Amino acid sequence: MKMSRVLFFLATSALACILYCACGNKTQPNTISQPYQRLSPDFDADSAYSFVDKQVAFGPRVPNTAQHVACGNYLVAKLNEYGAKVEEQKMILTAYDGTKLNARNIIGSFAPENDKRILLFAHWDSRPYADHDADKNNFQTPILGANDGASGVGVLLEVARAISKQAPEVGIDIIFFDAEDYGTPDFVNNAASGEWWCLGSQYWAKNPHVHDYKAKYGILLDMVGASDATFYYEYVSKKYASGVLEKVWSTARQLGYGKYFISTENGGITDDHVPVNQIRKIPCIDIIDYKADAENGFFPQWHTVKDDMDIIDKNTLKAVGQTLLEVIYKEKN
Ligand code: AHN
Ligand code: ZN
């Protein structure tokens with residue numbers, strides 16, 4: 001009696017299994033989509049947020065100020081702490097109005113002996129003018145640049161921390177460029193013509209820290225911390241590095257961040273990737289929050305006194321940081 005029950009059970013289970021499998025095969029033949037298996041370590045958005053907060057706590061990071069020096073020292077110390085080989089470029093750059101800027105590019109290299117390299121960069125200075133503020137009394141006020149500046153650097157510091165715990169197969173260079181945001185203010189209308197944005201990256205592109213420096217490709221982060229950020233195929237990135245755009249955007253989609261990374265084109269932006277593409281000839285892209293319907297193309301607090309920690313969203317830092325880690329850890333040597 002007992003045995004026949006067992007046999008009956010086995011027989012019905014087997015039948016159920018056959019039916020299930022047969023039906024399953026009919027409806028979904030071998031294409032049951034498996035969830036994407038991430039191979040990068042977890043990107044800690046709380047930690048990245050704290051790195052953004054720390055920079056902002058120094059105050060505006062405008063060249064020729066004590067806050068700028070102090071924050072620069074902090075960034076050097078963090079890259080050292082995470083085991084990078086750190087090099088600094090200290091140079092005097094000339095601004096749109098003739099001001100001599102004591103500027104400093106900060107470079108952290110991981111596995112410098114590896115000749116397959118990826119370059120990651122962001123600007124660490126903040127703008128001396130809130131020239132897009134609603135109140136013109138604020139036009140001369142330096143901005144905190146929580147999103148415009150500190151967010152990209154914060155994500156890259158967290159990438160550095162992840163690398164310190166588990167090395168990817170490729171060598172990584174992280175560059176924090178200075179004097180990106182000292183461009184001619186909107187309220188000046190008789191400025192000398194010239195390339196007054198991106199002064200630190202222009203300098204580095206002409207004077208790389210390593211003779212004839214090359215990387216497989218580069219990724220710039222700019223304004224990667226606001227909620228509801230939207231990243232599009234930026235024109236210059238598409239022109240010089242369309243394959244990199246596709247690699248990064250498809251990785252973001254696989255990780256479930258498609259609402260941030262939108263696979264349509266949008267306008268061209270003057271940013272640090274331009275000299276790196278055009279002068280250093282490294283194909284690189286700009287991950288930058290773009291708002292097509294905004295008058296100036298950017299988030300509402302852009303170049304205002306309200307670009308502070310209130311607008312920083314950990315979910316956005318996570319989407320960008322995890323995507324970046326996944327791209328790096330997928331690279332084979
Ligand atoms: C211009 O507004 C010309 N370019 C934007 C570059 C930028 C400013 N990135 C951050 N702040
Ligand atoms: Zn700016």
Side-chain angles (χ1 to χ4, degrees), residues 52 55-56 59-63 65 68 71 93 95-97 101 103 105 120-133 138-156 175-189 191-205 218-226 229-232 234-237 239 266-278 284-292 294-308 311-312 316 320:
V52 180
Q55 294 168 75
V56 170
R61 283 90 56 215
V62 175
T65 67
H68 179 262
C71 185
L93 302 172
Y96 73 94
D97 59 353
L101 305 174
N105 290 334
L120 308 175
F121 51 115
H123 76 91
W124 73 275
D125 61 309
S126 71
R127 184 153 179 74
Y129 315 105
D131 53 340
H132 281 260
D133 205 274
N138 289 332
F139 283 2
Q140 298 280 353
T141 305
I143 69 167
L144 285 170
N147 195 27
D148 187 357
S151 65
V153 172
V155 168
L156 293 184
I175 306 187
F176 299 140
F177 285 122
D178 203 353
E180 186 275 343
D181 229 345
Y182 215 109
T184 312
D186 246 34
F187 53 79
V188 169
N189 35 38
S193 66
E195 298 296 338
W196 302 119
W197 302 89
C198 309
L199 299 178
S201 56
Q202 290 188 59
Y203 178 89
W204 177 83
I219 301 175
L220 165 61
L221 304 184
D222 195 2
M223 316 184 201
V224 293
T230 41
F231 309 117
Y232 294 89
E234 182 271 339
Y235 177 83
V236 179
S237 310
K239 176 171 173 188
N266 245 315
I269 296 166
T270 302
D271 211 342
D272 289 324
H273 66 315
V274 175
V276 181
N277 271 307
Q278 294 184 342
C284 54
I285 65 163
D286 192 3
I287 301 180
I288 184 165
D289 184 6
Y290 185 83
K291 296 277 176 276
E295 187 203 338
N296 54 45
F298 301 116
F299 63 106
Q301 300 84 2
W302 183 69
H303 293 183
T304 76
V305 296
K306 294 212 173 77
D307 181 0
D308 58 22
I311 66 167
I312 300 299
T316 307
V320 174

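Residues: numbered from 1 along the sequence shown. Both counts, for ligands and for their atoms, begin at 1 and track the order of listing. None of the values given here were measured: they were computed from a predicted structure.
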At a cut-off of 2.8 Å, protein N/O/S around the Zn ion (ligand 2) gives Asp148 OD2, Asp181 OD1, Asp181 OD2, His303 NE2

Which of these, Asp272, Asn105, Asp271, sits in a side chain to side chain donor-acceptor pair (under 3.5 Å) with Ser201? Asp272

Would you kindly say whether His303 and Asp181 are connected by a side-chain donor-acceptor distance under 3.5 Å?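 Looking only at side-chain atoms, Asp181 and His303 do form a donor-acceptor pair, the distance falling under 3.5 Å.
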
Main-chain N/O of [Y] paired to [X] side chain as donor or acceptor, under 3.5 Å:
{"X": "Asp178", "Y": "Gly200", "result": "no"}
{"X": "Asp307", "Y": "Asn147", "result": "yes"}
{"X": "Gln202", "Y": "Glu195", "result": "yes"}
{"X": "Asp148", "Y": "Trp302", "result": "no"}

Which residues pass the ring pair (Phe, Tyr, Trp, His ring centres under 6.0 Å) test with His68, sequence neighbours left out? Trp124

Can you give me a line-by-line list of nitrogen or oxygen pairs between ligand 1 and the protein shorter than 3.5 Å?
unit_1	atom_1	unit_2	atom_2	d
ligand 1	4 (N)	Thr270	O	3.1
ligand 1	9 (N)	Glu180	OE2	3.1
ligand 1	9 (N)	Asp222	OD2	2.8
ligand 1	11 (N)	Asp148	OD1	3.3
ligand 1	11 (N)	Asp148	OD2	3.1
ligand 1	11 (N)	Asp181	OD1	3.1
ligand 1	11 (N)	Asp181	OD2	3.2
ligand 1	11 (N)	His303	NE2	3.4

Lys306 atom NZ, over 12 foreign heavy atoms within 6.0 Å: no

Would you please name every residue forming a side chain to side chain donor-acceptor pair (under 3.5 Å) with Asn266, sequence neighbours left out? none

